Number of protein chains: 2
Amino acid sequence: MALDHAILVSLLEKPGSGYELARRFDRSIGYFWTATHQQIYRVLKRMEAEGWVDVRDVPQQGRPDKKEYSVSASGLTALAEWLQKPIQPESVRHELAVKIRGAAFGDPAALVGEVERHRRMHQEQLAHYLAGERRDFGGSGAAGAPEPEAPGSGRPDAERELQHVVLRGGIAYERMMIAWLDDVLATLRRLGPRR
Amino acid sequence: MALDHAILVSLLEKPGSGYELARRFDRSIGYFWTATHQQIYRVLKRMEAEGWVDVRDVPQQGRPDKKEYSVSASGLTALAEWLQKPIQPESVRHELAVKIRGAAFGDPAALVGEVERHRRMHQEQLAHYLAGERRDFGGSGAAGAPEPEAPGSGRPDAERELQHVVLRGGIAYERMMIAWLDDVLATLRRLGPRR
DNA sequence: CCCAGCATGTAACGGGTTACATGATTAG
DNA sequence: CTAATCATGTAACCCGTTACATGCTGGG
């Protein structure tokens with residue numbers, strides 16, 4: 001289970017509250033791992049009990065107080081151990097592919113709208129990634145852009161480079177999906193309506 | 001939840017036992033949806049109770065008897081209804097990406113072996129898909145290859161075309177992953193060992 | 001004789017999802 | 001006044017995973 005470790009990585013990049021983590025999971029971390037606030041609170045509580053994270057009450061004005069979590073020494077050790085262990089390849093889950101194969105037993109043309117909708121969503125996600133890349137990693141060429149967020153406890157250069165390569169993975173994924181959905185649309189249109 | 005519908009699609013393509021379904025989920029259907037035999041038996045029992053599938057005892061010689069499941073009329077209706085409903089985009093889960101970002105707080109070079117391992121697995125999966133494509137959908141050009149499996153109750157041409165376009169999606173995915181993992185490897189090597 | 005394959009299951013555990021709950025402040 | 005944002009939580013349910021169990025046949 002990687003949610004624990006995803007949270008550790010996020011807290012190492014920048015300490016924060018459960019609420020803040022939930023928002024990060026809707027954004028940068030969410031590019032490759034999703035979690036709701038319920039899951040996050042549950043895991044934070046468990047990790048606190050195990051001593052992987054430290055908590056600090058932060059009073060705020062104009063807002064509710066919050067608990068700021070940060071990674072403890074033993075949490076860092078746990079992460080390092082996990083990094084050593086091989087993981088098995090993720091099992092794929094493409095509900096849309098189930099639908100596409102299922103369309104042979106319904107009306108292929110009826111799926112066109114749905115596939116177009118997915119294509120649009122991937123297009124938006126791609127635009128979002130590209131905007132983030134431009135903002136955080138400079139226009140095109142060399143480095144030199146200021147860090148958008150305070151770097152965590154690691155080497156700032158490694159942190160940035162690795163965040164960037166993961167983002168490039170997201171970009172490649174969205175491009176691949178868009179191209180494939182075009183292929184799917186052409187196929188559905190060629191098949192036409194139910195006999 | 002799509003496991004129900006993935007099973008319905010597989011049974012429409014060809015009726016079979018829980019055991020046979022489990023093997024298909026390790027192969028063709030498993031390209032985009034995974035399931036273990038325990039899940040499959042559980043769902044088959046539920047769908048039988050709901051009347052989505054019919055069961056037929058098939059005595060065999062030299063092997064244990066089996067229960068052959070096939071989709072009932074109401075199962076087909078349920079599938080058609082599900083095809084109409086929009087689904088939300090799959091939430092991404094890339095454990096390897098968590099590790100890559102986590103490597104900034106450990107030793108980036110130590111991840112190289114693991115990433116190479118994943119690259120090899122994707123290469124094998126790609127080879128497997130390409131072999132399947134050559135076998136089932138002809139060398140390169142036009143159609144004309146004999147169906148490798150008896151077609152289900154739909155239009156055979158639509159069934160084949162849609163299976164092929166899903167397979168092309170798998171192929172595109174593996175190619176994208178291999179290219180991205182090369183990018184990751186180059187990045188990790190550039191960063192070198194822990195300071 | 002033992003292992004691999006065929007075939008079907010039960011049990012337990014943990015994670016993910018959805019719904020519900022509370023309470024404060026600020027902006028429209 | 002109402003809605004949105006910040007902030008933390010409980011409860012229930014289902015799904016996915018892992019381990020265990022049974023029994024038969026054929027091949028090395």
Side-chain angles (χ1 to χ4, degrees), chain A residues 1-8 11 15-27 29-30 32-50 53 55-69 82 87-95 98, chain B residues 1-7 11 15-27 29-30 32-50 53 55-69 82 85 87-95 98:
Chain A
M1 180 233 351
L3 178 54
D4 302 45
H5 304 98
I7 289 176
L8 287 177
L11 287 178
S17 68
Y19 187 85
E20 284 164 349
L21 282 169
R23 276 185 312 156
R24 287 186 221 169
F25 272 87
D26 284 338
R27 310 207 280 121
I29 308 285
F32 52 88
W33 202 268
T34 54
T36 59
H37 77 274
Q38 291 87 344
Q39 284 175 268
I40 291 166
Y41 285 123
R42 204 201 254 155
V43 172
L44 281 175
K45 197 163 277 182
R46 188 176 62 224
M47 289 201 296
E48 191 192 340
E50 282 175 44
V53 292
V55 201
R56 195 169 63 95
D57 274 334
V58 178
Q60 296 184 117
Q61 41 196 10
R63 305 169 167 203
D65 298 351
K66 66 176 181 179
K67 298 183 190 171
E68 195 183 78
Y69 290 87
W82 177 72
I87 51 181
Q88 59 220 35
E90 353 274 325
S91 53
V92 191
R93 292 276 154 93
H94 281 295
E95 208 169 351
V98 178
Chain B
M1 179 232 351
L3 178 54
D4 302 46
H5 304 98
I7 289 175
L11 287 179
S17 68
Y19 188 86
E20 284 164 349
L21 282 168
R23 276 185 311 157
R24 287 186 221 170
F25 273 86
D26 284 338
R27 312 208 277 120
I29 307 285
F32 51 88
W33 203 268
T34 52
T36 58
H37 78 274
Q38 291 87 345
Q39 283 175 267
I40 291 165
Y41 284 123
R42 204 200 256 156
V43 172
L44 281 175
K45 198 164 276 181
R46 188 176 63 223
M47 290 201 296
E48 190 191 342
E50 283 176 42
V53 292
V55 202
R56 194 170 63 94
D57 274 334
V58 177
Q60 296 185 115
Q61 42 196 10
R63 306 170 166 202
D65 297 352
K66 67 176 181 180
K67 298 183 191 171
E68 196 183 76
Y69 290 87
W82 177 73
K85 292 201 295 195
I87 51 180
Q88 59 219 35
E90 352 274 327
S91 53
V92 192
R93 293 277 155 92
H94 280 295
E95 209 169 350
V98 178

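These figures come from a predicted structure and were not determined experimentally. The sequence lines fix the lettering, A, B, ..., with proteins before strands; numbering per chain opens at 1.
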Tell me the interatomic distance from Glu90(B), atom CD, to dG16(C), atom P, rounded to whole angstroms. 16 Å
Does dC6(C) have OP1 or OP2 sitting under 4.0 Å from an N or O in the side chain of Tyr19(B)? yes
Tyr19(A) to Tyr41(A) - nearest heavy-atom pair and separation: N-OH, 3.5 Å
Do Lys67(A) and Leu44(A) come close enough that some side-chain heavy atom pair is under 4.5 Å? no
State whether the side chain of Glu90(A) and the backbone N or O of Glu95(B) hold a donor-acceptor pair below 3.5 Å, judged by distance alone. yes
What is the distance, rounded to the nearest whole Å, between atom CG of Asp65(A) and atom P of dT8(D)? 10 Å
Measure the distance from CZ on Arg23(B) to C1' on dA7(C) and round it to the nearest whole Å. 10 Å
Under 4.0 Å protein heavy-atom contacts per nucleotide of nucleotides 22-28 of chain D, with B for base, S for backbone only and - for none: -B-SS--
Would you say that Lys66(A) contacts Glu20(A) through its side chain, given a criterion of any heavy-atom pair below 4.5 Å between the two side chains? yes
Less than 4.5 Å apart, any side-chain heavy atom of Val98(B) and any of Trp82(A)? yes
Nearest whole Å is fine: how far is dA7(D) P from Arg56(A) CZ? 14 Å
What is the distance, rounded to the nearest whole Å, between atom CD of Glu68(B) and atom C1' of dT8(C)? 16 Å
When rounded to whole Å, the CG to P distance for the pair Asp26(B) and dC6(C) reads 11 Å
At under 4.0 Å, does any side-chain N or O of Gln60(B) touch on OP1 or OP2 of dA7(C)? yes
Start with the C-alpha gap between Trp33(A) and His94(B), add the side-chain angles, then the distance that decides, and say whether side-chain contact (heavy atoms from CB on, under 4.5 Å) holds. CA-CA 6 Å; Trp33(A) 202 268; His94(B) 280 295; 5.8 Å; no
Is the shortest side-chain heavy-atom distance between Ile7(A) and Ile40(A) below 4.5 Å? yes
How close do Phe25(B) and Ala6(B) get, heavy atom to heavy atom, and via which atoms? CZ-CB, 4.0 Å
In whole Å, I'd like the distance from the NZ atom of Lys66(B) to the C1' atom of dG5(C). 14 Å
Evaluate the side-chain proximity of Arg56(A) to Val58(A): yes if any heavy-atom separation is below 4.5 Å, no if none is. yes
Atom CD of Glu20(A) and atom C1' of dT8(D) are separated, to the nearest Å, by 13 Å
Sorted by number, the residues of residues 37-48 of chain A with heavy-atom contact under 4.0 Å to DNA chain D: His37(A), Gln38(A), Tyr41(A), Arg42(A), Lys45(A)
Remember a base hit wins even if backbone is also touched, and classify Ser17(A) as base, sugar-phosphate or nothing at under 4.0 Å, heavy atoms. sugar-phosphate
